Each structure stands twice: as C-alpha cells, then as structure tokens.
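Have a look at the structure below before the remarks.
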Amino acid sequence: MRLGGFSVGLDQPLFLIAGPCTAESLDLCIEVAGHLHEVCARLAVPYVFKASYDKANRTSGGSPRGPGLDEGLRILAEVRRQIGVPVLTDVHREDDIAAVAEVVDVLQTPAFLCRQTDFIEAVAAAGRPVNIKKGQFLAPADMRNVVAKAQAAGGREARIMVCERGASFGYNNLVADMRSLAIMRETACPVVFDATHSVQLPGGQGSVSGGQREFIPVLARAAVAVGIAGLFMETHPRPEQALSDGPNSWPLRRMESLLSTLVALDRLVKDAGFVELA
C-alpha cells in the first residue's frame, strides 16, 4: 500500500507515525517534526508526523482538547510545508472530514468510534489513507468487519490500515495482546501498533488519564518482533509539561536510541520470514 510517497506492509521496512498528542503550538510541532525527520532520515525510516487538532475523548470536560479545527489544520499544513513530511490527524466528527482531508495525508479514526458505521464509511470515502484504531472493547478478528465497511465505502482506491492500541483489562488498565497483531493481518491491511496508548491508564488519575511510560520500549520491541508494518508513538520534548497524554508519551530526546533498536529488530525479523505464514 502506498502511503505519503512510500510503500507500507509486512514486506516493507518499518515506518513511523509520531508526534505530540495535540498540536499545542506551531513551534512545538515544528520542533518535534523537524527532529524526527532528521532521525528517521538517518535510520532510513519512512516518517509521518502526527498531532491532533481536537481530542474529543478526554477524561474530564475541563481537560485541554487542542487548538480546534481551523488553527489545528493551519499548524498541520505548516508542518507539511516547512518540514516536508506527510501529516496525520484524527477526526472525531463527520462534519470535519472534508476539511481535514483537504490538508492531511492520512486520516485516523479514534478507537471509540470503530463500530460507528456511518463515521467509518465517511472517513473511508474521503479519498485519503485511513488508520483505523481497534476499539479497546473489540476482539482483533472483529476488525475484519470494520475493514469491510471501510473498503465498501472507499471502493477500489481504499487504503486502509488497522491499529492495535491495547484492550481494556479491568478498570483503568489496558493490556496489549501480541496475538492480535497476527490476527489482524488476516484483514490483508497493513498492521500498525500504537506503543504509547497501549501503556495508557484511562482515567487512572481521577480527572485525567495516567500512563506507564517505562513500558513503551518493552511493548514496541515485542510488537516489532511479531512483525508489523508500522509503529505509532506519541512523543514530546517535555512530557511532564504536555497538555495531554504526557504520562504515556516517550521523550523526544530518547526516540533515536529506541528507533535504532527497533529498526535492527524489524530487519532481522522480516529478513528471516514468518514461519506462521508458511
């Protein structure tokens, strides 16, 4: 599958979707995108910048949601222009899809909305590649039905990815079942693993979500060892100051060392092949 000028799939090198949770400011987004663009160029990792203009699924109504549609799209367009990388953002409302698709290279659907048929169909019909996040409540095999909806709406030109971000495991906790990555390959779509939301503790701090940042490398290595097309990560130069998802964001300064390991592991696994597919 073609994505932002490069090919993605299990037979291609690992690609990265990464950036801050929300587009807090143009300066922040340029800082993150510029740094990751340089890192990924050194490591030969195809890169897509990610930031959200609006996070509609916050724990508390008082939590920051982002700059909003107009300012958020302006920031994303500037990142694309200044840094020269493809950009991705998530959409939460059908009314936003057309405007967002005019600006970004990849659309992403929130996990909570993966079963909303009208929404999934509208995003898939927008003419952009779509990264569909699997709901925390959904079995991985059930993503075949979600993909079928999207492909029917998008037609022959539909470009769909499926993304694992952990499954609800009791209250305020998620678990990443690595079998789900292999199971979701059966959709015939590129599989992406969200290493940072998988360590989130939803609502774990009462009015905000918590996270276990120390386990991001653990899950990322495991997912790459299973065999995936791409990795999704939220990163921030100052995670403790991030307006959202700070506890489950990986420090920007530590991205290169982690990616170096993941690239080597990805190459080893893909060069050896997958005996389970033989």
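Numbers here simply count residues along the sequence, with the first being 1. This one's a predicted model, so the numbers in the text were calculated from it and none came from an experiment.
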Is it true that F274 and L181 fall in one hydrophobic cluster, defined by side-chain heavy atoms closer than 4.5 Å?
yes

Verify side-chain hydrogen bond (donor to acceptor under 3.5 Å, both in side chains) between Y53 and D70, making sure each step is shown before the conclusion.
CA-CA 8 Å; Y53 63 88; D70 292 341; over 6 Å; no

CG-CG distance between N248 and L174, expressed to the nearest 0.5 angstrom
9.5 Å

Would L259 end up clustered with V48 when hydrophobic side chains under 4.5 Å apart are linked, directly or stepwise?
no

Is the backbone of V106 close enough, under 3.5 Å, to the side chain of R128 for a donor and an acceptor to pair up by distance?
no

From the list D90, D194, T109, side chain to side chain donor-acceptor pair (under 3.5 Å) with K133 holds only for D194

Quick test of your reading of the model: are E164 and K134 salt-bridged, counting only N-O distances below 4.0 Å?
yes

Under 3.5 Å, side chain of S52 to main-chain N/O of C21, donor-acceptor pair present?
yes

Just wondering, do D105 and R80 contact through their side chains at under 4.5 Å, heavy atoms?
yes

I'd like to know if the side chain of T187 reaches the main chain of C189, judged simply by a donor and an acceptor atom lying under 3.5 Å from each other, with no hydrogens or angles considered.
yes

Pairwise side-chain contact, D245 with H236, heavy-atom cut-off 4.5 Å (strictly under)
no

For residues K50 and T89, determine if any side-chain heavy atom of one lies less than 4.5 Å from a side-chain heavy atom of the other.
no

With clusters defined by side-chain heavy atoms of hydrophobic residues (ILVMFWY) lying less than 4.5 Å apart, directly or transitively, does V192 cluster with L14?
no

Taking atom CZ of R213 as the centre, report whether more than 12 heavy atoms of other residues, nucleotides or ligands fall under 6.0 Å from it.
yes

For the pair E256 and R42, evaluate side-chain contact (heavy atoms from CB on, under 4.5 Å) and give the outcome as yes or no after the intermediate values.
CA-CA 9 Å; E256 185 164 9; R42 285 194 290 270; 2.9 Å; yes

side-chain contact (heavy atoms from CB on, under 4.5 Å) evaluation trace for L231 with D266
CA-CA 11 Å; L231 189 70; D266 177 72; over 6 Å; no

Got a donor-acceptor contact below 3.5 angstrom from the S25 side chain to the L28 backbone?
yes

Main chain of A195, side chain of S198: is a donor-acceptor contact present, judged purely on distance under 3.5 Å?
no

For the SG atom of C29 and the CG atom of L76, what is their distance to the nearest 0.5 Å?
6.5 Å

Supply the atom-to-atom distance I216 CD1 to T235 OG1, rounded to the nearest 0.5 angstrom.
8.5 Å

Are there over 12 heavy-atom neighbours, none belonging to E102, within less than 6.0 Å of that residue's CD?
no

Side-chain donor or acceptor of K270 paired with backbone N/O of L265 under 3.5 Å:
no

Donor-acceptor contact present, side-chain N131 to main-chain Q108, <3.5 Å:
no

Linked, directly or transitively: V162 and M1 (ILVMFWY side chains, under 4.5 Å)
no

Can you tell me how far the CE atom of M233 sits from the CG atom of L36, to the nearest 0.5 Å?
9.5 Å

Hey, does I30 have a side-chain heavy atom less than 4.5 Å from the side chain of V79?
yes

Side chains of R144 and M184 in contact at under 4.5 Å (non-hydrogen atoms):
no

Under 3.5 Å: donor-acceptor pair, side chain of E24, backbone of L243:
yes

Between CD on residue Q12 and CZ on residue R2, distance to nearest 0.5 Å:
8.5 Å

Counting N and O atoms only, with roles assigned by atom type, does the side chain of T196 sit under 3.5 Å from a partner on the main chain of E234, one being a donor and the other an acceptor?
yes

If you apply the rule side-chain hydrogen bond (donor to acceptor under 3.5 Å, both in side chains), what do you find for K149 with T117, and how did you get there?
CA-CA 7 Å; K149 294 177 186 178; T117 300; 2.8 Å; yes

Residue pair V226 / F193, side-chain heavy-atom distance below 4.5 Å
no

According to a 4.5 Å side-chain heavy-atom criterion applied to Ile, Leu, Val, Met, Phe, Trp and Tyr, with indirect links allowed, do V191 and L3 form part of one hydrophobic cluster?
no

Value rounded to 0.5 Å, distance of CD1 in I132 from SG in C163
10.5 Å

Does the pair E31/R238 count as a salt bridge with the N-to-O cut at 4.0 Å?
yes

With sequence neighbours left out, which residue pairs that include part of residues 94-148 fulfil the ring pair (Phe, Tyr, Trp, His ring centres under 6.0 Å) condition?
none

Does the pair R185/E276 count as a salt bridge with the N-to-O cut at 4.0 Å?
yes

Check whether any side-chain heavy atom of W250 lies under 4.5 Å from a side-chain heavy atom of P217, and answer yes or no.
yes

Is there side-chain contact between L107 and P129, with at least one heavy-atom pair below 4.5 Å?
no

